[in-house]
Amino acid sequence: MSSAKKRISVLIATLVMMIVLCVGATTVLAATPAGAITSVSNTSSGVKISWKKDSSKSGYYIYRKSTSSSTWSKIKTVKGGKNSTWTDTGAANGKKYDYKTCAYKGSKKYTNSVKKTIYRLKTPSVYSLSYSGDNIRIKSTSNSAAGGFQIKYSTSSTYSSYKTVIVYGQQANKVLTNLSCSKKYYFKVRAFKTGDDKRYYSGYSGSKTYTTKAPYSRYAKHYETYIYTDTKKNGKTLVAYNDKVVMYQDVYVYSSGTWKKCKYNNKFYYVWLEPGNDKFMTSRNKYEYTNDSNTIYQQEVVDEAVRIVTQWDTEYDYKRAYSDGTVNHKTGKRPFDCSGFIRYVINGVMQNYNRTYVLPNNTEELYKLGTIANTGFGDAEIKASTVCTGSYDFTKLKPGDLIMLDMDGNDDKCDHVGIYLGKREIAHSVGTFNGVVISPMTDAKFKNAFMKAIRVLPTKVKLINKQMTTTGWLTMHPDISCPSDDPDAYVVKATGSTVTLISTTANNKVGYVRYYDEAGNKHLGYVYKPLSKLE
């Protein structure tokens with residue numbers, strides 16, 4: 001045999017030997033003794049134990065002990081070599097166990113040292129699914145032994161593709177975001193507990209379903225509403241006042257607010273919402289003024305108007321009881337027509353001062369307004385004064401002035417009214433789908449429609465608006481009729497009470513005060529004191 005053939009023969013023999021050794025080694029490493037435990041898992045009924053079966057055996061012994069004990073107890077004899085699982089229904093929730101199994105044949109037992117460890121955790125159920133804004137809130141039953149829960153959800157009933165969320169605590173209570181519109185979602189949960197650097201899970205609950213809502217439209221409530229090309233406030237785009245934006249259910253929640261996906265002019269954007277605000281308004285002016293004795297009401301009127309725009313879901317309606325803001329239970333919105341909004345804001349503010357101050361119900365009467373009935377406090381009537389006519393004079397306008405408009409431009413009659421906020425903006429109720437909004441007076445449609453501005457806030461009552469501490473009882477003046485079912489509610493009784501003296505009559509003998517009782521309830525009333533005590 002040539003030297004070359006000898007080398008080939010040696011090489012082949014070496015390879016064969018290596019293969020045999022490898023196969024033998026693999027067989028040894030993969031070998032599991034017949035009857036040895038292979039896995040443990042939590043199910044709804046108990047701990048499921050699996051082992052390697054051997055049909056030639058008579059059966060299997062199941063052993064269990066708590067991990068803190070050194071003593072094993074045989075808890076079950078499973079007869080029949082073809083069996084490979086058994087469920088321990090006696091395991092206690094929250095307790096940590098070790099399990100092992102072994103086969104037997106006749107009187108011979110085939111022992112081994114393989115064991116598996118698990119925390120027994122009962123299977124939770126989905127307690128409730130609820131719609132929260134654009135999100136789904138999922139709650140599970142609680143488990144005092146659990147360290148947390150895993151929520152699994154998918155648009156597939158088989159969960160072929162899915163997402164999971166971890167919630168720590170003894171109950172799953174989580175708002176799931178980033179859900180798509182008009183989709184049927186499947187949800188299930190399982191509990192877990194961590195130990196030995198390992199997470200032990202319970203069985204999954206049954207599935208519950210929820211179908212998310214379709215996209216919906218929002219209209220810009222402010223002429224400076226911004227949307228962005230991403231969730232980092234990049235690529236800012238200005239949405240025109242009154243424009244429609246389609247809002248989607250995909251949301252991204254942070255502690256400081258929420259990003260919401262939207263579609264505008266057939267392109268996708270994102271809008272930023274402050275906490276607790278689902279209005280489509282992301283930018284607005286702040287209206288702040290230094291009040292003097294003639295403008296004491298301005299800030300309150302402006303604040304109330306802006307509060308309605310930013311916090312209430314409103315609609316335009318001129319048919320519902322003067323559209324006074326009473327909730328429409330069919331739509332869940334508060335209806336206002338333009339004059340109803342004016343009445344609501346100004347009358348509401350003035351109730352803190354002059355309880356019978358009343359404005360007319362429609363724009364034509366407002367336009368012709370000469371005097372305003374005021375039988376409650378101060379002068380019997382207040383004159384409405386014209387500030388400017390024909391065109392805006394922003395040097396003369398003050399917050400709280402009424403802006404009278406002829407929007408149709410056909411008959412030279414006032415058909416719309418708004419409240420001047422300052423900074424060349426008005427708050428008003430417009431359109432069947434909008435309700436109360438803020439608009440720029442410089443917009444051509446408002447600028448061209450301007451007729452006049454009138455001032456209706458009273459100035460003849462002497463306004464003090466300062467805090468004072470009573471040195472004795474403040475008694476309601478006997479000559480003042482105070483509308484109340486309980487006149488005593490308007491008497492400050494406690495010596496040492498702190499009250500705010502809002503205003504006095506011209507002779508300083510009657511004062512109008514506001515104070516809070518020990519329960520935090522606000523009281524308003526007329527009181528009498530000597531001249532020196534009311535100033």
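When a residue number appears, it is its place in the shown sequence, counting from 1. Note that this is a predicted model, so its numbers are computed, not measured.
- Using bins of under 30°, 30° to 60° and over 60° for the plane-to-plane angle, the ring pair Y185/Y153 lands in the tilted bin.
- Remark: the N173 side chain and the R137 side chain contain an N/O donor-acceptor pair separated by less than 3.5 Å.
- S156 and S154 form no side-chain donor-acceptor contact under 3.5 Å, judged by distance and modelled atom types alone.
- Note on D88 versus K76: no salt bridge recorded, every NZ/NE/NH1/NH2 to OD/OE distance being 4.0 Å or above.
- The main-chain N or O of R190 is never found under 3.5 Å from a side-chain atom of Q150 such that the two would form a donor-acceptor pair.
- Once rounded to the nearest 0.5 Å, the distance linking OH of Y270 with OG1 of T231 reads 6.5 Å.
- Using the six-membered ring where Trp is involved, Y61 and Y104 have ring planes that are parallel, under 30° apart on the 30 and 60° scheme.
- For the ring-ring contact (aromatic ring centres under 6.0 Å, His included) criterion with H428, the lone passing option out of F446, F341, Y316 is F446.
- Side-chain rings of W272 and Y228 stay apart, their centers remaining 6.0 Å or farther from each other.
- In summary, R343 and D337 do not engage in a salt bridge, as defined by a charged side-chain N under 4.0 Å from a carboxylate O.
- Taking the six-membered ring for Trp and the full ring otherwise, F268 and Y248 have centroids separated by under 6.0 Å.
- A donor and an acceptor atom, one from each side chain of Y99 and T117, are nowhere located under 3.5 Å apart.
- Atoms NZ and OG1, from K236 and T229 in turn, are 12.0 Å apart once rounded to the nearest 0.5 Å.
- Remark: K193 qualifies as a cation-pi partner of Y119 under the 6.0 Å distance and 45° angle criteria applied to the six-membered ring.
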